[in-house]
Number of protein chains: 2
Amino acid sequence: MAGPRWLDDHQQRAWRGYLAMQAQLQAQLGRRLQAESGISLADFDVLVALSERDAPLRVQELADGLQWEKSRLSHHLARMQKRGLVERQDCPDDARGAFIVLSIEGRRAIEQAAPGHVEAVRALVFDGLDDRQVEAWAAISDEVLARVEQDRAKGS
Amino acid sequence: MAGPRWLDDHQQRAWRGYLAMQAQLQAQLGRRLQAESGISLADFDVLVALSERDAPLRVQELADGLQWEKSRLSHHLARMQKRGLVERQDCPDDARGAFIVLSIEGRRAIEQAAPGHVEAVRALVFDGLDDRQVEAWAAISDEVLARVEQDRAKGS
DNA sequence: TCCTGTTCGGTGACACGTCAACGAGTAGCA
DNA sequence: TGCTACTCGTTGACGTGTCACCGAACAGGA
């Protein structure tokens, strides 16, 4: 390695701004969701994934869709099941496997939570950005994500 | 409330892209930092804050600078102290207070970790973006952060 | 001096995420 | 059938983040 190249001023400013924005946005969306609907952002993601595909879902499929580690999902599902948000069914094809389904309570929770959450995202993010900025943001996210995934694949 | 306004297709795409990028970027930077230097992103932030102001820092000042909750910081400092990365000094002016300083070990850790971390940020993020995108990113972050902080102030 | 309200930082309980390891079950092949 | 290798999902240990609450110390006025 030929000595690190540091960030220039613009990059430094963009990076610090991004870090602050990212942390605060996530925290605020989480607080609002918790206050208005009693669920966390993680719960929300699981419930959305389950309700989008309205059929029993294998744990691994769910993990792939969410891009979560299987053990994180396993722990999280156990907690959600204890709170009555999801239910398990056993899987006839594969005795190791498990199916996860939304409970009545879980469906009620996601339907109650979604409008407020979407509204919060719109109010905190998209109401402040014009079309060109939204396009730019998507392009930046795609580019960075591609590099991260390439790096992840290389490093492992 | 007049019924929620949903996100349009571009917004939806930008939002999902951002969420995925954000999660993967953070995870990858954290993994690399942990692997190369044995510290977490949170440790890194604390160590940077302490090393930038090279003087004993009150816990509350540190919390303000990091935008962390005091109790999160208190727990984290306890763990970092146990690992020998920071030290506490008592505060003559205010017997309730505590000063936090980098230990020798902590200074060594941040100096060892920083170049690789900066390099990772550059490689995963800025090498893929041109100047216009970096500017756009900074502007978007500023705009969103301003809205989040306004919302946070209003809601409390 | 005393009382009241506030600030400082820490604590305990609990939810969450990661890692390594596990048992149970499956698949392929001799 | 028996062997090996692998996948499925879970578990336990541990580090982390949040919330409510606490005792100690400070600040200011009666």
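Protein chains get the first letters and strands the later ones, always in sequence-line order, with residue 1 at the start of each. All heavy atoms count here, side chains included; hydrogens, waters and symmetry mates do not.
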Rounded to whole Å, NZ of B:K70 lies from C1' of C:dT7 at a distance of 8 Å
With a 4.0 Å cut-off, would you call A:D43 and A:R79 a salt bridge? no
Presence of A:R83 side-chain N/O under 4.0 Å of C:dA15 phosphate oxygens OP1/OP2: no
Can you tell me if B:R72 touches the phosphate of D:dT16, counting only side-chain N or O atoms and a distance under 4.0 Å to OP1 or OP2? no
For A:P92 and for A:K82, locate the closest nucleotide of DNA chain C by heavy-atom distance; then report the residue assigned to the nucleotide nearer the 5' terminus. A:K82
Report the relative orientation of the aromatic rings in B:Y18 and A:W137; use parallel for angles under 30°, tilted for 30 to 60°, perpendicular for over 60°. tilted
Establish whether the base of C:dC19 is bridged to the side chain of A:S71 by a donor-acceptor pair shorter than 3.5 Å. yes
Separation of C:dG10 C1' from B:D90 CG (nearest whole Å): 15 Å
Between D:dC8 (C1') and A:F99 (CZ): distance, integer Å: 13 Å
Side-chain donor-acceptor pair present, B:S37, B:Q112, cut-off under 3.5 Å: yes
Would you tell me if any nitrogen or oxygen in the side chain of A:R79 comes within less than 4.0 Å of OP1 or OP2 on D:dT10? no
Which residue lies toward the 5' end of DNA chain D, A:A98 or B:S40, if each is placed at its nearest nucleotide? A:A98
Would you say A:F99 and A:L47 are hydrophobically clustered, going by side-chain heavy atoms of ILVMFWY under 4.5 Å? no
Without hydrogens or angle criteria, can the side chains of B:Q26 and A:Q22 be said to hold a donor-acceptor pair below 3.5 Å? yes
Walking DNA chain C from its 5' end, the first of A:A95 and A:L73 to be reached, judged by nearest nucleotide, is A:L73
Taking the minimum atom-to-atom distance to the side chain of A:D94, which one of D:dC26, D:dT16, C:dG25 wins? C:dG25
In whole angstrom, give the distance that lies between atom CZ of B:R31 and atom P of C:dG17. 15 Å
Can a donor-acceptor pair under 3.5 Å be found between the side-chain atoms of A:H75 and the base atoms of C:dT18? yes
Nearest-Å distance, CD (A:Q67) to P (C:dG17)? 15 Å
Got a donor-acceptor pair under 3.5 Å from the side chain of B:R96 to the base of C:dT7? yes
Mind calculating the distance between CD (A:Q34) and P (C:dC16) to the nearest angstrom? 8 Å
Rounded to whole Å, please give me the gap between CZ in B:F44 and P in D:dT16. 16 Å
Among C:dG10, C:dC16, D:dT18, find the nucleotide with the atom closest to the side chain of B:E69. D:dT18
Spacing of B:I39 atom CD1 relative to D:dT16 atom P, expressed in whole Å: 11 Å
